[in-house]
**Q** 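Structure incoming, see below.
Atoms within each ligand, like the ligands themselves, are counted from 1 in listed order.
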Amino acid sequence: MKITGDQQLIKKMNKTIVLDTIRQKQPLSRADISAAIGLNKATVSSLVAELIDSRLVNEIGPGESSGGRKPTLLLFNKQAGFAIGVDIRVSDLLAVLVDLEGNVIREKSVPLADSEPGSMAEQIRKTVAQLSRRLPESPYGIVGIGIGVPGLVDETSRVVSAPNLGWDNVDLAGALAAELGDNIHIDNEANAGAIGEKLYGAGRDSLNLIYLSIGVGIGSGIIVGGELYRGTSNFSGEVGHMTVAEDGPLCRCGNRGCWETLASEKALVDRAASLWKEDAPSLEEILASAKQGDKDAVELLNEIGSQLGVGLANLVNILNPELIVIGNRLSLAGEVFEDAMLGTIKNRSLSYHRKKTHVAFAKLGIRSTALGAASMPITAFLTDPDVSVQETV
Ligand SMILES: [Zn+2]
């Protein structure tokens, strides 16, 4: 019988579903898979045989019998390959090497002297080479690379604008492809952070969540029904530029009173500098003073917390999320400003909207973006497990 294109597509989709089921419910038997997804046992067995051939699935010893012969259990081979996730931050770059389940094998943080696109590409190549050295034996080696960028990234992975890096219209994926291959995914850092927390962190059990990346500015990744909401041009989530004070401070976007001029790490540091009439203290210094009981420092952090609450109340009313995850640098001071932030959300949001909303701090800490970025090539690889990738030597 001739297999048509449609049949091949359906077979591929079924194979992906079988693999997803094994990843989510492992260890399990072929009969368990058949019962879970409603495909007949013969089809499941033939797809599992292909997955075992491609070394994405392993058989392990027999499980409990429900009467007859003990079934063989299946496990996802999380070390069939590895991926690298990179978080480009303003002053440094954090890179992680992970297995196919997102477990960190190695990580490296590199200070950035120069953010010019050519130097950045060179630094990324160097870091990837260092992380890839002497990988554990695996059939697929490095399956791909994901990069989170503090800026706008369009649907073709082109960095349209990253003001903090001084980038306009940069094709970083193109610059890296010759050496690092095609499976390179570039996305906004807050989008990557949202995916990281959804897959591996505080958002695992939530379908509707907002991840807030609060550093120099405020960005967000919005997950609706388990999927990232990308907007028409991939530019969704710029919540930092929501106007919260009509005649507020001038923002780097040209508008006045944007949320990030009142509630970001930069807003905190600028206020501390003008209050204490000294060079801008770091977030860590302000936090240390607050913990030692310095009233000004505590008050500054509470003000930031309540300004955060103002914007969050707007988001709660608009999106009615199940979970809000506070991530990136400002979350380091979360324990100090949390009460002020929650109090303002409570006072300013609609009661029915906030009733089921929880607020949490990022579980992956400063790794949310790097891990989310690493998950992107993994998802692409596992959705199309026939793709050929470089073999490890
Ligand atoms: Zn703005």
**Q** Side chains of residues 216-224: which donor-acceptor pairs under 3.5 Å do they make with residues two or more places apart or in other chains?
**A**
from, atom 1, to, atom 2, distance (Å)
S220, OG, G237, O, 2.9

**Q** Can we say D20 and K25 salt-bridge, meaning some charged N sits less than 4.0 Å from an Asp/Glu carboxylate O?
**A**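 No, no charged N to carboxylate O under 4.0 Å.
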
**Q** Under the rule for side-chain contact (heavy atoms from CB on, under 4.5 Å), what residues qualify as partners of A35, not counting sequence neighbours?
**A**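 None.
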
**Q** Which atom pairs, one a donor and one an acceptor, fall under 3.5 Å between side chains of residues 336-353 and the rest of the protein, sequence neighbours left out?
**A**
from, atom 1, to, atom 2, distance (Å)
T344, OG1, A340, O, 2.9
N347, ND2, G343, O, 3.3
S349, OG, I345, O, 2.6

**Q** Should E189 and R89 count as an ion pair when the cut-off is N to O under 4.0 Å?
**A**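 The answer is no: the pair does not qualify as a salt bridge.
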
**Q** With 2.8 Å as the limit, jot down which protein N, O or S atoms are around the Zn ion (ligand 1).
**A**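 Short answer, with waters excluded from the count: H241 ND1, C251 SG, C253 SG, C258 SG.
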
**Q** Do the charged groups of R256 and E246 touch, with an N to O distance under 4.0 Å?
**A**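 The answer is no: the pair does not qualify as a salt bridge.
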
